[in-house]
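What you see is a predicted model, and the numbers here were worked out from it, not measured in a lab. Numbers here are sequence positions counted from 1.
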Amino acid sequence: QVQLVESGGGLVQAGGSLSLSCAASGRTFSNYAMGWFRQAPGKEREFVATISRDGRRFDYADSVKGRFTISRDSAKATVSLQMSSLNPEDTAVYYCAASQSSVSWQTPRAEYEYPYWGQGTQVTVSS
């Protein structure tokens, strides 16, 4: 089992920035690709960003590309999501997730590839 705890959510004005963090515990962090997903009110959960086990490969949803940056710190077993140029459409509960990856370069995008999830953190962007 991997336990994931997100932090850093909050209220921010449009155009502002916010950084989310996710702390992992329970298993070897380097065995997992990590991802961020989000769920807006009345919508299905959607992929936001992912980073490979080795931290060298990334993938982003088109809607956040160029505005969000995912990173990981293996020593601290954390994954972060730096968000900038936020707009009201970014308002959602953001979830951290872990995918046990057999190869170091995988960047999974699908929810079913992530068996471990955090409880989520709310991000609200006001206009």
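With sequence neighbours left out, Ser17 forms a side chain to side chain contact (heavy atoms under 4.5 Å, CB included) with Gln82, Ser84. Looking at residues two or more places apart in sequence or on another chain, you find a ring-ring contact (aromatic ring centres under 6.0 Å, His included) between Phe37 and Phe47, Tyr114, Trp117. With sequence neighbours left out, Ser101 forms a side chain to side chain donor-acceptor pair (under 3.5 Å) with Gln106. The side chain to side chain contact (heavy atoms under 4.5 Å, CB included) search around Ala23 returns Thr78, not counting sequence neighbours. When the side chain to side chain contact (heavy atoms under 4.5 Å, CB included) test is applied to Gln3, the partners found at least two apart in sequence or on another chain are Gln1, Ser25. For Glu44, there are no side chain to side chain contact (heavy atoms under 4.5 Å, CB included) partners, not counting sequence neighbours.
Counting only heavy atoms from C-beta outward, the side chains of Asp59 and Arg109 approach each other to under 4.5 Å. With contacts defined as side-chain heavy-atom distances shorter than 4.5 Å, the pair Tyr60/Val48 does not qualify. When side chains are defined from C-beta on, Ile51 does not count as touching Arg57, because their heavy atoms never get closer than 4.5 Å.
When the side chains of ILVMFWY residues are joined at heavy-atom separations under 4.5 Å, either directly or via intervening members, Val93 and Val12 end up in two distinct hydrophobic clusters.
Across all their heavy atoms, Lys43 and Gln39 have their closest contact at O-NE2, 3.1 Å. The minimum heavy-atom distance between Leu4 and Gln119, with the atom names listed, is O-OE1, 3.6 Å. Taking every heavy atom of both residues into account, Ala98 and Met34 meet most closely at CB-SD, 3.7 Å.
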In a table with atom names and distances, give each donor-acceptor pair under 3.5 Å that connects a side chain of residues 64-74 to protein atoms at least two apart or in another chain.
residue : atom : partner : partner atom : Å
Lys65   : NZ   : Asp62   : OD1          : 3.2
Arg67   : NH1  : Ser85   : O            : 3.0
Arg67   : NH1  : Asp90   : OD2          : 2.8
Arg67   : NH2  : Ser63   : O            : 2.9
Arg67   : NH2  : Asp90   : OD1          : 3.0
Arg67   : NH2  : Asp90   : OD2          : 3.4
Arg72   : NH1  : Tyr32   : O            : 2.8
Arg72   : NH1  : Ser52   : O            : 2.8
Arg72   : NH2  : Phe29   : O            : 3.0
Arg72   : NH2  : Tyr32   : O            : 3.0
Asp73   : OD1  : Ala75   : N            : 3.0
Asp73   : OD1  : Lys76   : N            : 3.2

Could you pull out every donor-acceptor pair under 3.5 Å between side chains of residues 120-127 and any protein atom, sequence neighbours left out?
residue : atom : partner : partner atom : Å
Thr121  : OG1  : Gly9    : N            : 3.2
Gln122  : NE2  : Ala92   : O            : 3.4
Gln122  : NE2  : Thr124  : OG1          : 3.3

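Remark: Met83 CE to Trp36 CH2 distance equals 8.0 Å, nearest 0.5 Å.
Sorted by first and then second residue, the salt bridge (charged side-chain N to carboxylate O under 4.0 Å, His left out) pairs involving residues 111-127 (not counting sequence neighbours) are Arg45-Glu111. Listed by first and then second residue, the ring pair (Phe, Tyr, Trp, His ring centres under 6.0 Å) pairs involving residues 87-108 amount to none (not counting sequence neighbours). The disulfide bond (SG atoms under 2.5 Å apart) pairs that include a residue from residues 11-109 are Cys22-Cys96, where partners are two or more places apart or lie in different chains. Annotation: salt bridge (charged side-chain N to carboxylate O under 4.0 Å, His left out) contacts involving residues 92-103, sequence neighbours excluded, are absent.
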